[in-house]
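Reading through the C-alpha cells given below for one structure.
Excluded from the calculations below are hydrogen atoms, water molecules and symmetry mates; all remaining heavy atoms, backbone and side chain alike, are included. Residue numbers begin at 1 in each chain, while the letters A, B, ... track the order of the sequences.
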Number of protein chains: 2
Amino acid sequence: MSKRNSVAADELDDVSKTIIEQLQQDGRRSYATIGRAVGLSEAAVRQRVQKLLESGVMQIVAVTNPLELGFPRQAMVGIKVEGPLEPVAEQLEAYDEVDYVVIVAGAFDLLVEVVCESDEHLLDILSHRIRTIDGVTATETFMYLSLRKQTYSWGVR
Amino acid sequence: MSKRNSVAADELDDVSKTIIEQLQQDGRRSYATIGRAVGLSEAAVRQRVQKLLESGVMQIVAVTNPLELGFPRQAMVGIKVEGPLEPVAEQLEAYDEVDYVVIVAGAFDLLVEVVCESDEHLLDILSHRIRTIDGVTATETFMYLSLRKQTYSWGVR
DNA sequence: AGTGAAACGACCGTAGA
DNA sequence: TCTACGGTCGTTTCACT
C-alpha cells in the first residue's frame with residue numbers, strides 16, 4: 001500500500017467523486033447503472049468501490065431514524081472531566097444509548113449524543129450512567145427540539 | 001396508511017430488526033442472503049426493505065469519512081440567538097461545511113457541526129458565515145480532538 | 001486500471017395461497 | 001404478508017490489454 005493515512009481530497013478523481021455521490025443518493029444502486037453514468041464498465045466501478053470501502057474512505061450502511069423507531073428523546077451532553085479523558089470516553093462509548101462520543105477542546109472536555117425513549121430514560125442515563133463515571137465533574141444537557149440537518153456527504157458535493 | 005407518524009419500536013418484529021442489523025453491517029448485502037439468515041424468501045425480504053425505506057425508518061447510503069477526504073478539522077459550535085430560531089437554522093443548513101444543525105433547549109439555542117479543511121477555513125466559516133447571521137448573539141466553539149464513537153444503528157441492538 | 005464475455009446469481013413483476 | 005416462478009439484469013471470474 002502506498003499510503004497509510006488520510007487520502008487528500010484531490011487524490012480522488014472526478015469519477016470516484018461521482019461514484020460516491022451516486023452511492024450517497026442510493027447505497028444499493030447497481031455498479032452497472034453507475035458505470036453508465038460515469039462512462040465506465042461495471043467491473044471498473046466495482047473495483048473502485050471496493051477500494052473506497054477497503055480504504056475506509058466510505059462505507060455503505062443502513063442508517064436508521066431514531067424518531068421512527070420509538071426513541072424520540074435526543075440530547076447532546078457536554079461533560080467536564082478531571083484527569084485523563086480517554087478512560088471516561090471509553091466508558092461512555094460502551095453505552096448503547098450513547099451514539100456519539102467526541103473529545104473536544106473548549107468549555108467541555110467531551111460531547112456525547114444520547115438517544116433514548118423518554119425523559120425518564122434520559123434522566124436515568126444522565127444521572128446514573130454518565131454522572132457516576134469516575135472523573136466526571138459536571139455535565140450540561142442540551143435537549144433536542146428539532147433536528148434540522150443531518151448530512152452524511154462530507155467533502156464531495 | 002394506518003399511521004402517519006412514528007413507528008413504535010415494538011411494531012417492528014424480530015425479523016425486520018434482524019434485516020436492519022444485517023444491512024447496518026453491509027448495506028449491499030443481497031436480499032437472498034438476508035433471506036437465508038432470517039428464513040424468508042428473497043421477495044419477502046425485498047418487500048420489507050422497501051417498506052422500511054419508504055416509511056423513512058431506514059435509509060441505505062454511502063457514508064464518507066471526512067478525515068480520509070481531506071477535511072480534518074471538525075468542530076461543534078454552540079450558538080445563542082435573539083428572536084426566532086428557524087430563520088437562523090435555515091441559513092446554517094445552507095452551508096456545505098455545516099453537516100449537522102439542531103435546535104436545542106439549554107444554554108445554547110442551536111448546535112451545529114462544522115467540517116472543514118483547515119483552521120483558517122474554520123475561522124472563515126465561524127467569523128463570516130455563522131457570526132454574521134442576523135440574530136446570532138454569541139457562539140462557542142468546541143474543536144474536535146478525537147472522534148471516539150459514531151454509530152448509525154439507533155434503537156435496534 | 002481498464003475491457004469483454006460467459007456462467008452464475010440476484011432482482012423484479014406478477015400470480016396465487 | 002408470504003411463496004413460487006420466469007424473465008431480465010447485475011455480478012463474478014477470468015483472460016487479455
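- In this structure, CZ of Arg28(B) is placed 9 Å from P of dT12(D), rounded to the nearest angstrom.
- Remark: C1' of dT3(C) and CD of Gln47(A) are 10 Å apart, rounded to the nearest angstrom.
- In this structure, Ser30(B) reaches the sugar-phosphate backbone alone: every heavy-atom distance under 4.0 Å involves primed, P, OP1 or OP2 atoms, never a base.
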Stepwise side-chain contact (heavy atoms from CB on, under 4.5 Å) check, Cys116(B) with Ile125(B):
CA-CA 9 Å; Cys116(B) 55; Ile125(B) 294 161; 3.9 Å; yes

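- Among the heavy atoms of the strands, none lies under 4.0 Å from Arg29(B).
- The nearest whole Å value for the distance from the NZ atom in Lys51(A) to the C1' atom in dG2(C) is 12 Å.
- Residue Ala43(A) has its side chain nearest to dG4(C) when only dT1(D), dA4(D), dG4(C) are considered.
- Distance, Leu40(A) CG to dT11(D) P: 14 Å, rounded to whole Å.
- Rounded to an integer number of Å, the gap from Arg46(B) CZ to dC12(C) P is 6 Å.
- The CG atom of Asp26(B) sits 14 Å away from the C1' atom of dT11(D) (whole-angstrom rounding).
- When the P atom of dC11(C) is taken as reference, atom CZ of Arg48(B) falls 17 Å away, rounded to whole Å.
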Evaluate Glu113(A) against Val98(A) for side-chain contact (heavy atoms from CB on, under 4.5 Å), listing each step before the verdict.
CA-CA 6 Å; Glu113(A) 190 180 70; Val98(A) 172; over 6 Å; no

Please walk me through it: do His121(B) and Glu97(B) pass side-chain contact (heavy atoms from CB on, under 4.5 Å)?
CA-CA 10 Å; His121(B) 189 191; Glu97(B) 295 92 342; 3.1 Å; yes

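- Nearest nucleotide to the Tyr31(B) side chain, out of dC11(C), dT1(D), dA1(C): dC11(C).
- A parallel orientation is assigned to the rings of Phe142(A) and Phe108(B), their planes being inclined by less than 30° (bins at 30° and 60°).
- When the P atom of dC11(C) is taken as reference, atom CD of Glu42(A) falls 14 Å away, rounded to whole Å.
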